[in-house]
2 protein chains.
Amino acid sequence: MDSLRCIERLEKKGVRATSIRILVLDALMNASGTMSLADLEAVLETVDKSSIFRTLEIFEKHHLVHSIDDGTGSIKFEVCEGEDDCTIADMHTHFYCEKCHRTFCLKEISAPLVDLPEGFQANSVNYIIKGLCPDCCR
Amino acid sequence: MDSLRCIERLEKKGVRATSIRILVLDALMNASGTMSLADLEAVLETVDKSSIFRTLEIFEKHHLVHSIDDGTGSIKFEVCEGEDDCTIADMHTHFYCEKCHRTFCLKEISAPLVDLPEGFQANSVNYIIKGLCPDCCR
DNA sequence: TCCTTCAGCGCAACCCGGTTGCATAGAGAT
DNA sequence: ATCTCTATGCAACCGGGTTGCGCTGAAGGA
């Protein structure tokens, strides 16, 4: 789609904009929800699994995307929203539908953060609710 | 240890108390925190992996234990507290130490439950905070 | 007590997502 | 044009989880 925006975004984060990286980022930005490595593999047929894997690794390190573990056994990826780095406060709620097996980002609901006992230091939060999505409820 | 308590607990939930099931339940009840399948395998050297796996499957179905996905790639198990079935309100907070790779149960802190958008129906919550535990902080 | 039956178990193989080593291709610098 | 170093593809590997299958041992009935 608009690969220019992707290139811009990549360079802003100090990541060299190679063709594959543009493809991966573009796929993630155009995704309706989260995407797993397998999802990306399916969309980007020509690109090797390990290349996507390493690309995601780099993206994550440079705070272009973050990963969510929804407990399905395959990690989901999602582009970071803000221009700046994702902080713990930016983590939002995710919802996993046990019927259609989709993972939803509830961006408007930030993940709650409880008070931890003395001595624990929080770095990130993984908050995922499982159940039935609106499509599967009825 | 006190296998009598295990037998009682098993039968109360309608699970036949075989020797292996008693061993597994006993190991879980005496564990300081959560245990993975690999942990159980290590403790119960004589018992086959698949037997433990199927035992846990049965335990979970009968609400003797519940599983937690802490994002490490290996699912953790923990005995259900109350006499009754685990409900969504019983889910508590877990903490994963990124340094020593232990998963802590913060039983006193129940997992927060946010209001979901119209149409979503929650069945369970997975709330895990990652960071450094007291031992690893200093 | 003996026989039948079936759940429980061990073994081995398999599956799948993720990960890594290595050789090549390609972009950027000189 | 050549050199260098990063990015990529390929193939193999890894580990947790899962399954098929045959044996075993306990429960139940004659």
Side-chain angles (χ1 to χ4, degrees), chain A residues 3 6-7 10-11 13-28 34-62 64-78 96 101-103 126, chain B residues 3 6-7 10-11 13-28 34-62 64-78 96 101-103 126:
Chain A
S3 49
C6 290
I7 295 171
L10 285 165
E11 290 179 344
K13 298 280 187 171
V15 178
R16 188 149 70 188
T18 69
S19 56
I20 286 188
R21 289 175 186 171
I22 296 167
L23 283 173
V24 173
L25 185 55
D26 191 65
L28 283 167
T34 60
M35 292 186 89
S36 67
L37 203 158
D39 292 335
L40 286 164
E41 230 181 309
V43 173
L44 311 171
E45 296 179 338
T46 58
V47 186
D48 188 75
K49 180 168 76 156
S50 64
S51 299
I52 301 174
F53 172 76
R54 285 191 260 242
T55 298
L56 289 171
E57 220 172 27
I58 289 171
F59 281 7
E60 208 172 355
K61 192 190 298 175
H62 289 260
L64 272 157
V65 306
H66 59 258
S67 59
I68 309 116
D69 191 312
D70 56 12
T72 58
S74 76
I75 297 165
K76 303 294 185 297
F77 294 88
E78 184 180 37
Y96 174 72
H101 306 294
R102 281 186 295 170
T103 300
N126 204 18
Chain B
S3 49
C6 291
I7 295 171
L10 285 165
E11 288 178 345
K13 299 280 187 171
V15 178
R16 190 149 67 187
T18 69
S19 56
I20 285 187
R21 288 175 187 170
I22 295 166
L23 283 174
V24 173
L25 185 55
D26 190 65
L28 283 167
T34 60
M35 292 187 88
S36 67
L37 203 158
D39 292 335
L40 286 164
E41 230 182 309
V43 173
L44 311 171
E45 295 179 338
T46 60
V47 186
D48 188 76
K49 178 168 77 158
S50 64
S51 299
I52 301 175
F53 172 75
R54 284 191 260 241
T55 299
L56 290 170
E57 219 171 28
I58 290 170
F59 282 6
E60 207 172 358
K61 192 190 297 172
H62 290 260
L64 271 157
V65 306
H66 59 257
S67 59
I68 309 119
D69 191 313
D70 56 13
T72 59
S74 77
I75 297 166
K76 303 293 184 297
F77 295 89
E78 184 179 37
Y96 173 71
H101 306 294
R102 282 186 294 171
T103 300
N126 205 17

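The sequence lines fix the lettering, A, B, ..., with proteins before strands; numbering per chain opens at 1. The structure presented is a predicted model; accordingly, all values stated were derived computationally and were not measured.
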Name each donor-acceptor pair under 3.5 Å that joins a side chain in residues 45-52 of chain A to protein atoms two or more places apart or in another chain, with its distance.
residue, atom, partner, partner atom, Å
Asp48(A), OD2, Ser50(A), N, 2.9
Asp48(A), OD2, Ser50(A), OG, 2.6

### Axis-to-axis angle between the two ends of the helix from dT1(C)-dA30(D) to dT30(C)-dA1(D) (five base pairs per end, rounded to 10 degrees)
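Between the first-five-pair axis and the last-five-pair axis there is 10°.
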
Rounded to whole Å, how long is the line connecting atom [atom1] of [X] with atom [atom2] of [N]?
| X | N | atom1 | atom2 | value |
| --- | --- | --- | --- | --- |
| Glu45(B) | dC11(C) | CD | P | 14 Å |
| Leu56(B) | dG8(C) | CG | P | 15 Å |
| Ile20(B) | dA26(D) | CD1 | P | 12 Å |
| Leu23(A) | dG9(D) | CG | P | 10 Å |
| Ile52(B) | dC9(C) | CD1 | C1' | 12 Å |
| His101(A) | dC16(C) | NE2 | C1' | 16 Å |
| His62(B) | dA7(C) | NE2 | C1' | 13 Å |
| Lys61(A) | dT19(C) | NZ | P | 13 Å |

Decide yes or no for [X] and [Y]: does some side-chain heavy atom of the first lie under 4.5 Å from some side-chain heavy atom of the second?
| X | Y | result |
| --- | --- | --- |
| Thr55(A) | Ile20(A) | yes |
| Leu64(B) | Leu10(B) | yes |
| Arg21(B) | Leu25(B) | no |

Write down the atom of [X], the atom of [Y], and the distance for their closest heavy-atom approach.
| X | Y | answer |
| --- | --- | --- |
| Glu60(A) | Ser67(A) | OE2-OG, 2.7 Å |
| Ala17(B) | Ile7(B) | CB-CG2, 4.0 Å |
| Thr34(B) | Asp39(B) | O-OD2, 4.2 Å |
| Val15(A) | Ile58(A) | CG1-CG2, 4.0 Å |
| Leu56(B) | Val65(B) | O-CG2, 4.3 Å |

Set out, line by line, the N/O atom pairs under 3.5 Å between protein and nucleotides 25-27 of chain C.
none

#### Entry: With sequence neighbours excluded, residues passing side chain to side chain contact (heavy atoms under 4.5 Å, CB included) with Thr72(B)
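Thr72(B): side chain to side chain contact (heavy atoms under 4.5 Å, CB included) contacts with Asp70(B), Ser74(B), Lys76(B), Tyr96(B).
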
### Task
Report yes if at least one side-chain N or O of Thr18(B) is closer than 4.0 Å to OP1 or OP2 of dA7(C); otherwise report no.
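Thr18(B) to dA7(C) OP1/OP2: no side-chain N or O under 4.0 Å.
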
### Task
Encode nucleotides 10-24 of chain D as B, S and - characters from 5' to 3', where the letter depends on protein heavy atoms closer than 4.0 Å: B to the base, S only to sugar-phosphate, - to neither.
B-----SBBBB----

### Query
Residues two or more places apart in sequence or in another chain: which of them pass salt bridge (charged side-chain N to carboxylate O under 4.0 Å, His left out) with Arg16(B)?
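Not a single residue meets the salt bridge (charged side-chain N to carboxylate O under 4.0 Å, His left out) criterion with Arg16(B).
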
